[in-house]
Protein chains: 2
Amino acid sequence: MAKRKKGGPDSLSTEEKIKAAARKVFLRKGFSATRTRDIAEEAGINLALLNYYFRSKQKLFEEVMKEKIQTLLQTIIPVLNNPSTSLEKKIEQVVSNYIEVLLANNDLPIFVLNELRKDNTKFITNVPIQKVIFQSSFMTQLKEQRDDINPIHFLISLLGMTIFPFVAKPILTQSGLVNEKNFQSFMKERESLIPIWMTAILKTKL
Amino acid sequence: MAKRKKGGPDSLSTEEKIKAAARKVFLRKGFSATRTRDIAEEAGINLALLNYYFRSKQKLFEEVMKEKIQTLLQTIIPVLNNPSTSLEKKIEQVVSNYIEVLLANNDLPIFVLNELRKDNTKFITNVPIQKVIFQSSFMTQLKEQRDDINPIHFLISLLGMTIFPFVAKPILTQSGLVNEKNFQSFMKERESLIPIWMTAILKTKL
DNA sequence: GTCTATAAGGGGATAGAC
DNA sequence: GTCTATCCCCTTATAGAC
């Protein structure tokens with residue numbers, strides 16, 4: 001067991017220090033470019049301790065990945081499943097929840113999507129995503145309002161509008177299309193804009 | 001120099017064989033996870049030849065990256081710059097061009113965006129993206145039609161709708177939301193849908 | 001639990017024969 | 001131009017002292 005659990009500003013257990021460092025380094029550099037030495041240094045501990053607590057780089061990585069996938073899913077699933085909000089309200093909440101989470105961690109989506117792509121195994125497990133989405137309140141409401149719109153197209157458009165700017169951030173900022181310093185306010189503007197536009201789409205005749 | 005340039009089905013020069021193999025392996029696995037041995041094997045040549053032609057893994061990678069960034073830019077810039085098409089036509093062309101290019105190479109956007117993210121240097125060079133976009137015919141037409149819409153928001157929404165499904169493909173197919181075999185027809189549906197929806201947005205009062 | 005030291009292997013690059 | 005053999009650093013993981 002670790003020495004401490006709580007207490008002061010420097011109160012993380014060694015295990016948690018390593019995991020926090022792993023989150024930071026893996027998310028920034030991806031699995032392959034990350035060296036266990038980087039993580040150890042970031043955590044302020046010795047390299048051997050990493051293996052003592054987590055057995056291997058791979059195991060530690062898998063813990064971080066599972067956690068991050070969970071974060072991405074939990075940002076949207078409870079919103080889609082809430083039967084007491086309107087479809088329009090759900091759209092607003094999906095957008096604002098994601099923008100809030102991703103402003104605090106810009107790299108999250110590209111990290112997860114890129115690592116999933118390289119590995120097509122073992123990560124999509126716990127949550128039966130397809131089932132959850134298709135049986136959601138969101139789905140029912142959308143079908144009720146517009147049975148001629150493929151809900152997957154609608155959902156992916158909503159997510160694309162919201163998440164894509166984070167994925168494309170490197171090219172946006174490096175090209176000067178969006179100033180790095182203004183990125184946050186740029187996304188705050190989108191937070192108002194996207195629900196208006198997605199609602200407009202909802203009313204558009206096909 | 002290489003032995004051959006053209007001739008038969010097996011007619012690529014050694015240099016081209018290596019580059020073709022590098023494109024394939026780098027795009028699939030990214031820079032760090034790629035071993036030069038993988039590329040050599042894929043090319044059907046010896047490892048030493050890779051260094052003979054390209055000096056280092058890094059140099060070879062940079063050639064591939066530049067080429068791929070160029071592909072992504074050339075898919076959109078001529079469309080935006082064409083003064084003889086309407087704004088609506090430009091939207092259609094951006095969507096159909098990207099879907100055509102990316103259906104042939106699903107990994108392209110996530111590869112480029114992820115590598116750019118890890119490296120914020122040396123790749124955004126040749127094309128002055130910001131200048132080109134802001135001075136484009138697309139920009140002029142959009143401002144004319146809707147001077148209350150931030151054109152960057154509009155453009156990113158268009159690209160998000162179009163490109164994001166490719167970036168999110170791992171999670172879409174692994175979760176079962178979109179069947180791998182139907183992905184192409186799914187994107188073909190979007191090719192019709194996105195212009196309709198983006199045009200609707202263009203007419204939506206803010 | 002935490003450290004130092006080191007084993008074991010992987011991977012980029014090159015020397016030198018042909 | 002192309003190959004085989006090899007160098008050598010870097011990285012993960014572990015042994016063993018404290």
Side-chain angles (χ1 to χ4, degrees), chain A residues 1-8 10-65 115 118-119 122, chain B residues 1-66 111 115 118-119 121-122:
Chain A
M1 271 300 282
K3 270 178 181 167
R4 297 163 298 177
K5 284 260 171 189
K6 301 217 167 199
D10 184 32
S11 68
L12 270 55
S13 70
T14 300
E15 185 170 352
E16 261 312 315
K17 271 196 254 174
I18 296 172
K19 212 165 170 180
R23 280 186 202 103
K24 185 169 170 182
V25 182
F26 277 137
L27 258 85
R28 171 153 205 101
K29 314 217 283 189
F31 175 78
S32 300
T34 294
R35 298 174 311 151
T36 50
R37 279 172 170 76
D38 298 334
I39 296 174
E41 189 183 357
E42 176 74 32
I45 53 98
N46 187 277
L47 175 56
L49 274 182
L50 188 151
N51 289 79
Y52 174 78
Y53 281 102
F54 295 95
R55 290 251 328 259
S56 73
K57 177 185 178 183
Q58 182 68 36
K59 297 268 184 210
L60 176 53
F61 176 74
E62 284 171 19
E63 291 203 24
V64 172
M65 266 296 271
E115 297 294 344
K118 292 195 288 189
D119 197 342
K122 64 177 156 309
Chain B
M1 272 297 285
K3 271 180 179 166
R4 297 163 294 177
K5 284 260 172 188
K6 302 218 166 199
D10 183 33
S11 68
L12 269 55
S13 71
T14 300
E15 187 170 351
E16 262 311 315
K17 270 195 257 177
I18 296 171
K19 213 165 170 181
R23 280 186 202 102
K24 185 168 171 182
V25 181
F26 276 138
L27 259 85
R28 172 153 206 101
K29 314 218 282 187
F31 176 78
S32 299
T34 294
R35 298 174 311 150
T36 50
R37 283 169 169 79
D38 297 335
I39 297 174
E41 189 182 357
E42 176 73 33
I45 53 98
N46 187 278
L47 174 56
L49 274 183
L50 188 152
N51 289 78
Y52 174 79
Y53 280 102
F54 294 95
R55 292 252 326 259
S56 72
K57 178 186 178 183
Q58 183 67 36
K59 297 268 183 208
L60 177 54
F61 176 73
E62 285 171 17
E63 290 203 25
V64 172
M65 265 298 270
K66 278 183 190 151
F111 165 76
E115 297 294 344
K118 293 195 289 189
D119 195 342
T121 50
K122 63 175 157 307

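Every chain is numbered from 1 and lettered A, B, ... according to where its sequence line falls, protein lines coming before strand lines.
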Give one of base, sugar-phosphate or nothing for B:Thr34, where a contact means two heavy atoms less than 4.0 Å apart. sugar-phosphate

Nearest whole angstrom, please: distance from the P of D:dT11 to the CD of A:Glu41. 12 Å

For every nucleotide of nucleotides 13-18 of chain C, 5' to 3': is a protein heavy atom under 4.0 Å from its base (B), only from its sugar-phosphate (S), or from neither (-)? BBB---

Whole-Å gap separating C1' (C:dG12) and OH (B:Tyr53): 19 Å

Rounded to whole angstrom units, what separation is found between the CG atom of B:Asp38 and the P atom of C:dG10? 13 Å

With sequence neighbours left out, the residues meeting salt bridge (charged side-chain N to carboxylate O under 4.0 Å, His left out) with B:Glu41 are none

Excluding sequence neighbours, so at least two apart, what forms salt bridge (charged side-chain N to carboxylate O under 4.0 Å, His left out) with B:Arg35? B:Asp38

Applying side-chain hydrogen bond (donor to acceptor under 3.5 Å, both in side chains), name anything that partners A:Glu63, two or more places apart in sequence or on another chain. A:Lys19

Taking salt bridge (charged side-chain N to carboxylate O under 4.0 Å, His left out) as the definition, give me every residue that meets it alongside B:Lys57, ordered by chain and number, with sequence neighbours left out. none

Between B:Leu49 and B:Ile18, what is the shortest heavy-atom contact and its length? O-CD1, 3.9 Å

Which pairs pass ring pair (Phe, Tyr, Trp, His ring centres under 6.0 Å) with one or both residues in residues 16-49 of chain B, sequence neighbours excluded? B:Phe26-B:Phe61, B:Phe31-B:Phe61

